[in-house]
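Computed from a predicted structure; not experimentally measured.
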Amino acid sequence: LGDVLTYGLAALALLRVAGPDIPEAREYGEKALANFERMGADALAAQVREALLPSPTEERVRPVASATIAALQRVANVPSS
């Protein structure tokens, strides 16, 4: 039970950070959801279901995230003074 719970909580955290559009995050989230449902952990299953839904703000956040990543990549190649 401990490993299943740990897996599920880690998958939920990954979904919240990476988002459900990342294939691995979605796969792990779906497995965690099945485990939580089988365990009868309704509250945790509901959180995973919610995390699997596309975020309504995802479309607005993605360009900002892409621009931030590009800026960080440029800065990472600048020699430190």
According to a 4.5 Å side-chain heavy-atom criterion applied to Ile, Leu, Val, Met, Phe, Trp and Tyr, with indirect links allowed, do [X] and [Y] form part of one hydrophobic cluster?
{"X": "L44", "Y": "L15", "answer": "yes"}
{"X": "Y7", "Y": "V48", "answer": "no"}
{"X": "Y28", "Y": "L9", "answer": "no"}

Close side-chain approach of [X] and [Y], heavy atoms under 4.5 Å:
{"X": "L5", "Y": "N35", "value": "no"}
{"X": "L52", "Y": "R26", "value": "yes"}
{"X": "F36", "Y": "Q47", "value": "no"}

Between A32 and A11, which heavy-atom pair has the shortest distance, and what is it?
->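 Result for this residue pair: CB-CB, 3.8 Å.
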Mind checking salt bridge (Lys or Arg N to Asp or Glu O under 4.0 Å) for E27 and listing every partner two or more places apart, or none if nothing turns up?
->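 By the salt bridge (Lys or Arg N to Asp or Glu O under 4.0 Å) rule, E27 matches no residue at all.
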Step through the shown structure and confirm whether more than 12 heavy atoms of other residues, nucleotides or ligands are within 6.0 Å of CD on E37.
->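 Enclosed: over 12 neighbouring heavy atoms sit under 6.0 Å from CD of E37.
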